[in-house]
Novice: 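Sharing a structure here in C-alpha cells format.
Every number for a ligand or one of its atoms is a count from 1 in the order of the listing.
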Amino acid sequence: MAVARPVVLVGCGRLGSALVEGWLRCGPVTAADLIILTRSDTPGAQAARAAGARVNPEMGTLDAAGSVVLAVKPGGWRTAVAPLAGRLADDAVLVSLMAGVRAVDLADALDRPVARVMPTTGVARGEGVAAIWAATHAGRAMGHALFARLAQLVDLDDEALMDAATATAGSAPAFILTLVQALARAGTAHGLSEAAATALARGALRSAASGIAGEDTLEQLIDRVASPGGTTRAGLDASAAHMDAAAQAAIGAAIRRAGELG
Ligand SMILES: NC(=O)c1ccc[n+]([C@@H]2O[C@H](COP(=O)([O-])OP(=O)(O)OC[C@H]3O[C@@H](n4cnc5c(N)ncnc54)[C@H](OP(=O)(O)O)[C@@H]3O)[C@@H](O)[C@H]2O)c1
C-alpha cells in the first residue's frame, strides 16, 4: 500500500538518492507522492523527476505532506528547514536521517513530532538496515511506514543510542572496506601483486557477505571457514585483540564525532 499523504524529501545527495531509488523500486512512496526539495539537480533528483516526482515545486504544495524526511548534512539542517516553518500540517512528522542532530532541536525548530532513522545506503535495493527511535507513537509509526520495505529495522528505546547505532551501521561499511584494503595490503606485502591482492580481498568480502542474510550466527559463519588447527584459525587467534581494539577505536571516534555535530 502506498503512503496516504505526500512525502517531502529535503536533500537528495548520496543517501537521499538511495532513498528515492528504494522507494521507486519497493514502495511505499510513489513518484506521484514524492516532493523533493534540493539545492542541486543531483542524479537522484533527475531520476525522481523523470518518474513523475515534483522537484522544488512552489511551497504551497507542502501543506498536504504527512512527513518531511531530512537528508541534508547535519551542519546545514537549520538553513534547510527554515523555509518549511509555518508551511506544514500540524500532524506532519519530521523524519531525520542526520547523524548527531537531536530530536529536541528539530522539534524546537518546527514543532512537529520527530522520528530519527539511521539507514545504510542499501535502502536503494531494499537491502538496508536502519536504526529507528522516536518519542511518540506517530513518529515511530511514520519511520516504520517509510522504511519497512527498504531496510531491516532495529528499534531503539533510547535516543542516546542513536550515535552508537550510527557508528555500528551507517559508518561501519567504510570500516569494513578499510579492513578489506588492509588485507589486500598485507597480501601485497607477502608477494601478491597489488591487482591480485585487491581482487582476492574483494572476492573474500563477497564470500563473507553471501551468508549474512541467512539464519546462521556470526560464530557459525566464522566456524564454517575456520577449521580447528587450520590456517584461518591461526590468523584469527593472532588478530583477535587487534580487531577489537581497531573496532573500539573506530566506533568510539565516530560516536564522539556525532556528539559534536548538529
Ligand atoms: N551517506 C550515508 O551513507 C548516510 C548514512 C546514514 C545517514 N546519513 C546522513 O544523511 C545526511 C546526508 O548525507 P549524504 O551522504 O547524503 O550527504 P550529501 O551527499 O552531501 O547530500 C546532502 C544533499 O543535501 C543538499 N542540501 C544541502 N543543503 C540543502 C538545502 N538547504 N536544501 C536542499 N538541499 C540541501 C546538498 O546539496 P549540495 O550538493 O548543493 O550541497 C546535497 O545534495 C547526513 O546528515 C548524514 O548524517 C548518511
Side-chain angles (χ1 to χ4, degrees), residues 6-23 34-49 53-59 61-62 65 67-85 87-88 94-103 105-106 109-110 114-134 143 146-147 150-154 156 159 161-178 250-251 253-262:
V7 176
V8 179
L9 173 66
V10 184
C12 196
R14 276 168 299 179
L15 183 58
S17 295
L19 201 48
V20 168
E21 191 180 336
W23 279 335
L34 180 58
I35 297 170
I36 298 179
L37 303 181
T38 177
R39 221 163 47 176
S40 322
D41 201 22
T42 61
Q46 291 168 13
R49 187 189 294 111
R54 287 165 283 175
V55 178
N56 294 331
E58 59 103 1
M59 296 300 268
T61 56
L62 306 191
S67 55
V68 176
V69 179
L70 299 170
V72 297
K73 291 284 193 196
W77 75 269
R78 288 182 189 277
T79 311
V81 303
L84 307 181
R87 300 265 178 199
L88 303 173
L94 305 177
V95 180
S96 169
L97 312 185
M98 300 179 292
V101 179
R102 312 289 153 203
D105 294 328
L106 291 160
L110 288 175
V114 175
R116 290 187 60 191
V117 180
M118 189 49 60
T120 59
T121 49
V123 292
R125 298 174 305 284
E127 295 172 355
V129 63
I132 178 165
W133 176 87
L146 293 176
F147 282 88
L150 307 187
Q152 177 189 358
L153 296 180
V154 178
L156 302 181
E159 185 182 9
L161 297 173
M162 282 303 281
D163 292 345
T166 302
T168 309
S171 305
F175 302 155
I176 292 166
L177 290 167
T178 302
I251 298 284
I255 291 171
R256 283 192 296 282
R257 179 70 185 129
E260 298 161 1
L261 298 173

Novice: Got Leu161 and Trp133 here, is their nearest side-chain heavy-atom distance under 4.5 Å?
Specialist: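 No. Closest side-chain heavy atoms not under 4.5 Å.
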Novice: I need the atoms of ligand 1 closer than 4.0 Å to a non-hydrogen atom of Pro119, numbered in the order shown.
Specialist: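 So the answer, numbered in order with elements, is 5 (C), 6 (C).
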Novice: Distance to 0.1 Å, residue and atom name: give those for the protein heavy atom nearest to atom 41 (O) of ligand 1.
Specialist: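 Result: Arg39 NH2, 2.7 Å.
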Novice: Is the closest side-chain heavy-atom distance between Pro57 and Leu37 below 4.5 Å?
Specialist: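 Side chain of Pro57 against side chain of Leu37, heavy atoms only: contact under 4.5 Å found.
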Novice: Once you round to the nearest 0.5 Å, how far does OG1 of Thr61 lie from CG of Asn56?
Specialist: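 Rounded to the nearest 0.5 Å, the OG1-CG separation comes to 10.0 Å.
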Novice: Starting from atom 38 (P) of ligand 1, locate the nearest protein heavy atom and write down its residue, its atom name and how far away it is, to 0.1 Å.
Specialist: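 Looking at atom 38 (P) of ligand 1, the protein heavy atom closest to it is Ser40 OG, 3.1 Å.
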Novice: Using a strict 4.0 Å cut-off to heavy atoms of Gly13, name the atoms of ligand 1 that fall inside it.
Specialist: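 Matching atoms, with element in brackets: 16 (O), 19 (O), 21 (O), 23 (C), 43 (O).
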Novice: Give the residue, atom name and distance (to 0.1 Å) of the protein heavy atom nearest atom 9 (C) of ligand 1.
Specialist: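 I find the closest protein heavy atom is Leu97 O, 3.2 Å.
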Novice: How many angstroms lie between OG in Ser96 and CG in Asp105, if you round to the nearest 0.5 Å?
Specialist: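 So the OG of Ser96 and the CG of Asp105 are separated by 10.5 Å.
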Novice: What is the nearest protein non-hydrogen atom to atom 12 (C) of ligand 1, stated with its residue, atom name and distance?
Specialist: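 Closest protein heavy atom to atom 12 (C) of ligand 1: Ala71 O, 3.3 Å.
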Novice: I need the nearest protein heavy-atom contact for atom 11 (C) of ligand 1: residue, atom name and distance, please.
Specialist: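 Heavy-atom neighbour on the protein nearest atom 11 (C) of ligand 1: Val72 O, 3.3 Å.
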Novice: Closest non-hydrogen protein atom to atom 2 (C) of ligand 1, residue and atom name please, with distance?
Specialist: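 Of the protein heavy atoms, Thr121 CG2, 4.0 Å lies nearest.
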Novice: Applying side chain to side chain contact (heavy atoms under 4.5 Å, CB included) between Leu70 and each of Val95, Leu97, Val81, report the one that passes.
Specialist: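 Going through the options one by one, the only one that passes is Val81.
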Novice: Which of the numbered atoms in ligand 1 are under 4.0 angstrom from any heavy atom belonging to Met118?
Specialist: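 In order of number, 6 (C), 7 (C).
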Novice: Restricting to non-hydrogen atoms, name the atom on Glu159 and the atom on Val101 that form the minimum distance, rounded to 0.1 Å.
Specialist: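 The pair with the smallest heavy-atom distance is OE2-O, 4.3 Å.
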Novice: Assess the residue pair Val10 and Trp77 against the criterion (side-chain contact (heavy atoms from CB on, under 4.5 Å)); give the C-alpha distance rounded to whole Å, side-chain angles, the decisive distance to 0.1 Å, and a yes or no.
Specialist: CA-CA 9 Å; Val10 184; Trp77 75 269; over 6 Å; no
Novice: For Gly44 and Ser17, work out which heavy atoms get closest and say how close.
Specialist: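 Shortest heavy-atom separation between Gly44 and Ser17 comes out as CA-OG, 3.3 Å.
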Novice: For ligand 1, find out whether one of its N or O atoms is nearer than 3.5 Å to an N or O atom of Arg14.
Specialist: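 Between Arg14 and ligand 1, an N or O pair is found under 3.5 Å apart.
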Novice: Report yes if the side chains of Arg102 and Arg116 come closer than 4.5 Å at any heavy-atom pair, otherwise no.
Specialist: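 The answer is yes; the side chains approach within 4.5 Å.
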Novice: Could you tell me whether atom 23 (C) of ligand 1 has at least one protein heavy atom nearer than 4.0 Å?
Specialist: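 Yes; the ligand atom in question has protein heavy-atom contact below 4.0 Å.
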Novice: Counting from 1, what ligand 1 atoms have a heavy atom of Ala80 closer than 4.0 Å?
Specialist: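 So the answer, numbered in order with elements, is 30 (C), 31 (N).
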Novice: Report the part of Thr120 in contact with ligand 1, treating N, CA, C, O as backbone and CB onward as side chain, heavy atoms under 4.0 Å; options are side chain, backbone, both, neither.
Specialist: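 Neither part.
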Novice: Can an N or O of Ala99 be found at a distance shorter than 3.5 Å from an N or O of ligand 1?
Specialist: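 Yes; the residue has a nitrogen or oxygen that sits under 3.5 Å from a nitrogen or oxygen of the ligand.
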Novice: Can you pull out the closest protein heavy atom to atom 4 (C) of ligand 1? Residue, atom name and distance to 0.1 Å, please.
Specialist: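 In this structure, atom 4 (C) of ligand 1 has Leu15 CD2, 3.9 Å as its nearest protein heavy atom.
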Novice: Tell me the closest heavy-atom pair linking Ala130 and Val117, and the distance in Å.
Specialist: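 Result for this residue pair: CB-CG1, 3.9 Å.
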Novice: So is Pro74 close enough to ligand 1, meaning a heavy atom under 4.0 angstrom away?
Specialist: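 Judged by the 4.0 Å heavy-atom criterion, Pro74 does count as contacting ligand 1.
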Novice: Please name the residue in the list Ile35, Val20, Val68 that meets the side chain to side chain contact (heavy atoms under 4.5 Å, CB included) test with Leu9.
Specialist: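 Checked Ile35, Val20, Val68 against Leu9; only one passes side chain to side chain contact (heavy atoms under 4.5 Å, CB included): Val20.
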Novice: Has Gly11 got any heavy atom lying under 4.0 angstrom from an atom of ligand 1?
Specialist: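 Contact present.
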Novice: Tell me, which protein residue and heavy-atom name are nearest atom 20 (O) of ligand 1, and how many Å apart are they?
Specialist: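 Here the closest protein heavy atom is Lys73 CE, 3.4 Å.
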